[in-house]
Participant: 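Before we start, here is the structure in question, set down as structure tokens.
Chain identifiers are assigned alphabetically (A, B, ...) following the order of the sequence lines, protein sequences preceding nucleic acid strands; residue numbering begins at 1 within each chain. Computed from a predicted model, the values in this text were never measured in an experiment.
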Amino acid sequence: MVQPLDHQPETPSQTAGPYVHIGLMPTYAGNAGYYDQEIGVSPISDGAQGEVIEIVGSVYDGTGWALRDALIESWQADSAGKFPGQDGADPAVSGHCRFAADAVTGEFTLRTVKPGRVPSRYGRAFAPHISLWVVARGINIGLQTRIYFEDEDNEGDPLLSRIEQRPRVDTLIARKIGDGKYRFDIRLQGEGETVFLDI
Amino acid sequence: MTDLGPLIPRNREMHPEPYWPDYKTSVARSPNQPLLSLESGPSEETGPTFGHSRFGALDNNLILNWTKGAAPAVGERILMHGRVLDENNRAVPNTLVEIWQANAGGRYRHKKDTYLAPLDPNFGGCGRTLTDENGYYQFLTIRPGAYPWPNRGNDWRPMHIHISVFGHSFGQRLITQMYFEGDPLIPLCPIAATIRNRSQLDRLVAPLDMAHSRRLDFLAYKFDIVLRGRRQTMFENKLEGM
């Protein structure tokens, strides 16, 4: 026998299921009225500094069908690269948003400010990015990925540079489709599969 | 700011299989390619916080919150309670815990749920709370019913409550489900079976907790939740590779 470790494993995940919206986005699910203020309605409030942008996209399954029931959360730094809670962070940026694939079209929209570069523990900065966490029926553990931007300098980003198959880097880069507008699609499986993270 | 170190990497052996043919929807929704494993950075080690001011008195009372206290929900009254801890056995205080569930007949208040069991006009099925300074949380609710669902020929979900937890950083984000001690449907459920490690599945089964039940009122079930911890070494930022 050896001494026991003072450590216990993480609780296992289970799928969020088909009815996740009644729990996390009750107004969206048609059940308004529980709360005065819901969680993650917008990552920014009036007066947020920086460029306000809109990102649209869909979450596709392995057959190419856009999920109508995906729920996504985002987390990001402010336009200066500071996360909420850090010294000097923009008080108008909560950094966190919840949004859903539309029940009819499957398209989601995230309206936020473009984040700044974020320093890493080892000096090299991360290019501007937004972290995503995707859950839905049939997804047994939430999928983590990131949105980068095609009109930013992504050279040397510590995460993107670790992707061996260079064409797959494109799956993490939002395409500019207009002034302050970007498109970012997530492919869960198969051709063009998004790089998902274990981080 | 003190550097608490990176998050302890997830041990995916302890989590469900993403691809699990008996749970049919997972077949086209699970990645084929391996995940890209990296050490966490600021994007994963920071996370949203939610102030007490936004929470209402009935937010964690699902028996009353749909009607704002006008009439109680139908069902077996239960207290669901426990602690949120991290892998280092430290309490996770002031963190958001959200739950959602079916009513006592096994029906969700959702447009897409067309099960025969009726909606309860006095039950919504959604609640939230913050853990206290010791990581403790509690919800007053009713025990949800089991229900059939379209998957294989005749699949039924065991009684369960969905739980979403934040922790203090975005990399700790977790959604899971709480099952109930003694439910004979647990071993038959293809969603529960996505967790191949039997002792891990047992950690999702809440025991009946008579010591916390209240006479002539409610039964209690205890459910602790463990989130990822941080590596926390006193040598952080000193020696590369330490």
Side-chain angles (χ1 to χ4, degrees), chain A residues 6-24 26 29-31 34-37 39 61-63 73 75 83-86 94-96 118-121 126 129 131 133 135-143 158-159 162-163 188-190 193 195-199, chain B residues 1 10-11 14-18 20 25-26 28-33 35-38 40-44 46-50 54 56 59 65 87-89 96 98-100 108-113 124-126 162 164 170-171 173-177 191 194-195 200 203-204 225-228:
Chain A
D6 187 19
H7 181 270
Q8 55 179 339
E10 187 186 13
T11 297
S13 168
Q14 288 272 264
T15 181
Y19 308 125
V20 57
H21 304 94
I22 74 161
L24 304 189
N31 296 343
Y34 293 102
Y35 310 133
D36 293 338
Q37 209 186 342
I39 303 294
D61 71 13
T63 73
E73 288 191 3
W75 173 245
F83 286 95
Q86 293 181 339
S94 77
H96 176 246
V118 171
S120 80
R121 186 174 273 113
F126 289 100
H129 65 275
S131 296
W133 184 72
V135 296
R137 172 173 62 102
I139 296 177
N140 292 330
I141 177 166
L143 292 168
L159 186 147
R162 286 285 305 279
I163 299 173
L188 298 180
Q189 186 188 82
E193 183 174 307
V195 174
F196 294 105
L197 307 173
D198 174 37
I199 189 168
Chain B
M1 208 179 266
R10 272 205 156 108
N11 180 355
M14 301 295 204
H15 280 286
E17 287 290 321
W20 193 253
T25 313
S26 73
R29 294 184 171 194
S30 44
N32 289 337
Q33 298 299 321
L35 306 177
L36 179 63
S37 295
L38 292 168
S40 65
S43 301
E44 295 75 37
T46 57
T49 51
F50 307 99
R54 77 164 74 203
D59 282 10
N65 69 4
E87 290 172 294
N88 300 313
N89 282 317
L96 179 64
E98 297 163 285
I99 65 170
W100 67 100
Y108 286 89
R109 188 172 285 281
H110 187 284
K111 295 189 252 320
K112 289 261 172 90
D113 190 350
C126 162
H162 296 267
S164 162
F170 200 56
R173 197 77 181 79
L174 183 73
I175 281 182
T176 190
Q177 301 180 26
I191 289 179
T194 60
I195 301 168
Q200 277 290 87
R203 298 176 69 219
L204 297 186
I225 300 156
V226 180
L227 302 178
R228 293 173 73 184

Participant: Among A/Leu143, A/Asp6, A/Ile139, who wins on heavy-atom pairs under 4.5 Å with chain B?
Facilitator: A/Asp6
Participant: Between A/Ser13, A/Gly142, A/Pro158, which residue shows the highest count of heavy-atom pairs closer than 4.5 Å to chain B?
Facilitator: A/Ser13
Participant: With distance as the sole criterion, is a donor-acceptor pair present between the side chains of A/Trp75 and B/Thr46 under 3.5 Å?
Facilitator: yes
Participant: Which bit of B/Gln177 is near chain A, if near means a heavy-atom gap under 4.5 Å: side chain, backbone, both or neither?
Facilitator: both
Participant: Please state whether the side chain, the backbone, both or neither of B/Glu87 comes within less than 4.5 Å of a heavy atom of chain A.
Facilitator: both
Participant: Where on B/Asn32 is there a heavy atom nearer than 4.5 Å to chain A: the side chain, the backbone, both, or neither?
Facilitator: both
Participant: Chain B: which of A/Thr11, A/Asp61, A/Ile163 shares the most heavy-atom pairs with it under 4.5 Å?
Facilitator: A/Thr11
Participant: Measuring heavy-atom distances to chain A, does B/Lys111 have an atom under 4.5 Å in its side chain, in its backbone, in both, or in neither?
Facilitator: side chain
Participant: With a 4.5 angstrom heavy-atom cut-off, which part of B/His110 approaches chain A: side chain, backbone, both or neither?
Facilitator: both
Participant: Go through the atoms of A/Phe83 and report whether side chain, backbone, both or neither lie under 4.5 Å from a heavy atom of chain B.
Facilitator: side chain
Participant: Of the listed residues (A/Thr63, A/Ile141, A/Asp36, A/Ile39), which shares the most heavy-atom pairs with chain B below a 4.5 Å separation?
Facilitator: A/Ile39
Participant: So for B/Leu227, is it side chain, backbone, both, or neither that comes closer than 4.5 Å to the heavy atoms of chain A?
Facilitator: backbone
Participant: Using heavy-atom distances under 4.5 Å, tell me whether B/Arg54 contacts chain A through its side chain, its backbone, both, or neither.
Facilitator: both
Participant: Measure B/Ser37 against the heavy atoms of chain A and call it side chain, backbone, both or neither at under 4.5 Å.
Facilitator: both
Participant: Side chain, backbone, both or neither: which part of A/Gln8 has a non-hydrogen atom closer than 4.5 Å to chain B?
Facilitator: both
Participant: Strictly below 4.0 Å, N to O, side chains only: are A/Glu73 and B/Arg173 in salt-bridge contact?
Facilitator: yes
Participant: Is A/Pro26 in contact with chain B via its backbone, its side chain, both, or neither, using a 4.5 Å heavy-atom distance?
Facilitator: side chain
